[in-house]
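By convention in this document, chain letters (A, B, ...) are assigned in the order of the sequence lines, proteins followed by strands, and residues within each chain are numbered from 1.
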Amino acid sequence: MKYKVNEKGYYGDFGGAYIPEMLYPNVEELRQNYLKIIDDAGFQKEFHQLLKDYVGRPSPLYLAKRYSERYGANIFLKREDLNHTGAHKINNTIGQILLAEKLGKKRIIAETGAGQHGVATATVCALRNLECVIYMGEVDIERQAPNVARMKMLGAKVVPASSGSKTLKDATNEAMRDWINNPVDTHYIIGSVVGPHPYPDMVAIFQSIISEETKKQLLEQTGSDQPDYVLACVGGGSNAMGMFYHFMDDENVKLIAVEAAGKGVSSGFSAATTYLGKEGVLHGSRSILMQTEDGQVVEPHSVSAGLDYPGIGPQHAHLFKTGRGQYVSITDEESLDAGLLCTQLEGIIPAIESAHALAYLEKMEFKGGENVVICLSGRGDKDLDTYIKYFNL
Amino acid sequence: MNRIKKLFQEKKNILSIYYTAGYPNTGDTLQIAELLEQSGADILEIGFPYSDPVADGPVIQASSKQSLDQGMTLKLLFEQLKDLRKKVSIPVLLMGYVNPVLQFGVEKFCEACAEVGVDGCIVPDLPMVEYEEFYKDCFEKHNLSNVFLITPQTAEERIHKIDGLTNGFIYLLSSSATTGKNLEVGDTTEAYFSRIKNLNLKNPTMIGFGISDKQTFDKACSYANGAIIGTAFVKAIADGNLEESVSNFMKKFKD
């Protein structure tokens with residue numbers, strides 16, 4: 001439990017709830033209730049039933065043979081791409097929608113970047129018949145048209161965020177403003193392990209199903225539940241936190257988090273937060289973020305909309321600062337090449353986010369026979385346009 | 001004695017004006033302060049802009065963005081305020097988000113405030129627990145008031161705690177909303193204002209968010225020691241003709 005949140009809502013130096021008073025009652029209500037609700041046997045039963053019958057869990061842990069041959073290690077892919085709606089995001093939205101119901105909320109809001117979290121939220125709102133409003137940056141609405149259409153079909157209202165850079169960061173600001181203006185009946189489903197306490201912990205708990213299953217599956221397939229390496233991509237960091245969660249206290253398991261270097265960490269077009277960032281406060285928690293000397297948040301860049309975020313969750317900042325996790329980065333080009341490689345070697349088109357994690361395999365050196373688990377956080381259908389342009393398909 | 005405390009002892013129906021530093025033009029900060037004092041403002045709240053102002057509505061967001069795009073920084077603001085106390089005698093507060101303060105350095109920030117003659121701060125996303133643990137000593141050492149916000153949803157116990165922690169005034173939000181919404185004093189708002197009035201807090205209260213004209217100002221003054229105007233003023237000075245726009249705006253609040 002060394003890396004988990006403490007009673008004050010902190011992970012070492014990071015976390016807390018830096019929110020204006022207008023949000024205090026909402027966040028406090030959550031803080032007082034989230035563990036009680038989640039630990040309740042009835043909640044657990046309903047949550048796991050939906051994960052099984054609706055999401056399609058457990059997701060397979062697949063020993064990728066041709067990858068393994070190429071790298072000289074046993075490469076396992078945790079297939080979150082096979083979940084309903086095509087990514088890990090739905091694990092969290094199922095959990096939070098049930099929790100919102102228990103709190104008596106009638107209206108759901110969420111932010112989205114690529115649209116994956118927006119679709120996952122709109123999906124569970126349709127499922128539970130709750131009003132749904134999704135904030136999405138104007139720029140992202142342009143470049144992710146199919147996901148916008150999916151959300152609309154699911155009955156959600158998609159509101160363009162037109163402030164700032166008009167991307168994920170600004171969609172998050174707009175969602176927070178909505179919550180300020182609707183303090184009583186609305187629940188805000190944050191999509192990553194960011195935001196004021198208890199969000200980072202709550203989202204991590206819902207996503208921890210990824211590593212919970214992985215441990216069981218590894219034990220069955222290899223005879224040990226301890227791999228040598230666990231890899232995942234990090235934007236805000238929700239799939240990585242879910243993938244790391246049950247391995248954090250197994251100090252012999254190396255945790256590798258892959259950030260988006262964009263056009264290169266020194267290019268000025270990057271989202272490599274731990275490399276470029278400093279400690280500070282964004283979206284309600286103290287963490288590491290990309291900012292100017294004056295404390296203004298810097299616009300990130302990544303070819304992958306899901307990693308295009310200037311911060312990381314506070315628990316990641318803690319894993320980074322303590323050295324428990326190794327934080328590395330992969331460029332746009334390296335990730336796209338890795339996406340094509342995965343498609344050709346294993347017949348799986350990965351999301352460009354997930355391809356960042358796969359790309360890091362090229363930079364690792366194996367003695368032979370190590371067990372390596374990679375979180376394949378989402379499928380690449382949404383990224384076909386980008387792949388088509390890059391490879392002239 | 002602290003300028004804020006003195007003002008509340010001497011005067012009723014206090015009018016506090018918020019504006020964004022470095023807006024509409026970078027060099028306007030101090031001139032606006034002077035003009036506001038000349039035309040009858042009682043307190044000034046100078047906003048230092050931040051890239052992600054979650055508690056603000058579109059008007060203050062846009063003024064913040066313009067100010068930042070034109071090169072405003074906290075460091076530059078303190079330089080602009082170097083001669084503040086040669087030109088302005090009313091209480092001045094700085095208002096902004098916590099991250100620029102953290103990057104500037106909390107101790108250094110408090111020192112700079114004291115040096116130029118700033119009387120207090122409003123930092124909406126600085127939580128009470130953090131303030132108590134890490135900021136309070138420093139603020140008090142430099143004789144700075146820290147103003148907290150309360151909303152219709154703030155529990156009574158918490159209001160008393162806030163009252164105990166501050167020594168300037170309490171910022172009473174007319175509703176839970178981002179800045180720039182209109183004040184509609186319906187039965188529930190009225191009940192909330194009366195409830196706060198009857199708590200007999202040790203600190204004076206100022207009503208903010210949604211005050212835009214004489215009528216809403218007077219209404220607010222019947223429940224509190226005064227009111228704060230932000231969005232309406234920022235809108236009024238957008239065209240940059242400061243002497244005229246400040247004086248025209250302030251005329252609306254005179255009898």
Chemist: B:Val98 versus chain A, heavy atoms under 4.5 Å apart: side chain, backbone, both or neither?
Modeler: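 Side chain of B:Val98 only, per the 4.5 Å heavy-atom cut-off to chain A.
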
Chemist: For B:Leu68, is it the side chain, the backbone, both, or neither that has a heavy atom closer than 4.5 Å to a heavy atom of chain A?
Modeler: side chain

Chemist: Side chain from CB out, backbone as N, CA, C, O: work out which of these in A:Glu293 comes under 4.5 Å of a heavy atom of chain B, or both, or neither.
Modeler: backbone

Chemist: Under a 4.5 Å heavy-atom cutoff, which of B:Leu173, B:Ile162, B:Asp56 has the most pairs with chain A?
Modeler: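 Counting heavy-atom pairs under 4.5 Å, the top option is B:Asp56.
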
Chemist: So, taking the atom named CD in B:Glu130 and the one named NZ in A:Lys8, what distance separates them when rounded to the nearest 0.5 Å?
Modeler: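 That separation rounds to 9.0 Å.
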
Chemist: Is the shortest side-chain heavy-atom distance between A:Arg286 and B:Leu102 below 4.5 Å?
Modeler: yes

Chemist: Please tell me if the side chains of A:Glu29 and B:Gln153 come closer than 4.5 Å, counting only heavy atoms from C-beta onward.
Modeler: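 No, their side chains stay 4.5 Å or more apart.
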
Chemist: Should we count OH of A:Tyr275 as having more than 12 external heavy atoms under 6.0 Å?
Modeler: no

Chemist: If you round to the nearest 0.5 Å, how far is CD of A:Gln291 from OH of B:Tyr50?
Modeler: 7.5 Å

Chemist: Should we count NZ of B:Lys75 as having more than 12 external heavy atoms under 6.0 Å?
Modeler: no

Chemist: Name the region of A:Leu23, side chain, backbone, both or neither, that has any atom closer than 4.5 Å to a heavy atom of chain B.
Modeler: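 Contact with chain B: none, neither part.
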
Chemist: With a 6.0 Å cut-off (strictly less than), is the heavy-atom count around CD of B:Glu115, excluding the residue itself, greater than 12?
Modeler: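 At most 12 heavy atoms, drawn from other residues, nucleotides or ligands, come within 6.0 Å of this atom.
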
Chemist: Checking heavy atoms, do the side chain of A:Glu174, its backbone, both or neither come under 4.5 Å from chain B?
Modeler: side chain

Chemist: Measure from the side-chain N and O atoms of A:Asn181 to the backbone N and O of B:Thr178, and report whether any donor-acceptor pair falls under 3.5 Å.
Modeler: yes

Chemist: Which region of B:Met128, side chain (C-beta onward) or backbone (N, CA, C, O), has a non-hydrogen atom less than 4.5 Å from a non-hydrogen atom of chain A, or is it both or neither?
Modeler: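 When you check distances to chain A, no heavy atom of B:Met128 falls under 4.5 Å.
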
Chemist: If you count every heavy atom of other residues, nucleotides or ligands that lies below 6.0 Å from B:Glu157 atom CD, does the total exceed 12?
Modeler: no

Chemist: Quick check: does any side chain N or O of B:Asn99 sit under 3.5 Å from a backbone N or O of A:Val281, one acting as donor and the other as acceptor?
Modeler: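 Flag set: sc B:Asn99 to bb A:Val281 pair under 3.5 Å.
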
Chemist: Chain B heavy atoms under 4.5 Å from A:Ile19: which part of the residue, side chain, backbone, both or neither?
Modeler: backbone

Chemist: Please check: side-chain N/O of A:Gln296 versus main-chain N/O of B:Asp52, any donor-acceptor pairing under 3.5 Å?
Modeler: no

Chemist: If you count every heavy atom of other residues, nucleotides or ligands that lies below 6.0 Å from B:Tyr131 atom OH, does the total exceed 12?
Modeler: yes

Chemist: Chain B heavy atoms under 4.5 Å from A:Val298: which part of the residue, side chain, backbone, both or neither?
Modeler: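 Looking at A:Val298, nothing touches chain B.
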
Chemist: Thinking salt bridges, do B:Arg158 and A:Glu21 make one under a 4.0 Å N-O criterion?
Modeler: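 Yes, this pair counts.
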
Chemist: When rounded to the nearest 0.5 angstrom, what distance separates OG1 in B:Thr154 from CE in A:Met22?
Modeler: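 One gets 10.0 Å once the value is rounded to the nearest 0.5 Å.
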
Chemist: Among the options A:Ser163, A:Ser162, A:Ala175, A:Gly280, pick out the one with the most heavy-atom pairs lying under 4.5 Å from chain B.
Modeler: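 Most heavy-atom pairs under 4.5 Å with chain B: A:Gly280.
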
Chemist: Tell me, yes or no, whether the heavy-atom count around B:Lys82 atom NZ, taken from other residues, nucleotides or ligands under 6.0 Å, exceeds 12.
Modeler: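 Counting neighbours around NZ of B:Lys82, 12 or fewer heavy atoms of other residues, nucleotides or ligands fall under 6.0 Å, so no.
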
Chemist: For A:Glu142, is the CD atom crowded, meaning more than 12 foreign heavy atoms sit under 6.0 Å from it?
Modeler: no

Chemist: Tell me, side chain or backbone of A:Tyr24 under 4.5 Å from chain B's heavy atoms, or both, or neither?
Modeler: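 Contact with chain B: side chain only.
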
Chemist: Mind ranking B:Pro127, B:Pro49, B:Ala155 by heavy-atom pairs under 4.5 Å with chain A and telling me who comes out on top?
Modeler: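 Looking at each option in turn, the highest pair count goes to B:Pro127.
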
Chemist: Quick check for you: to the nearest 0.5 Å, what is the distance between A:Leu282 atom CG and B:Ser51 atom OG?
Modeler: 7.5 Å

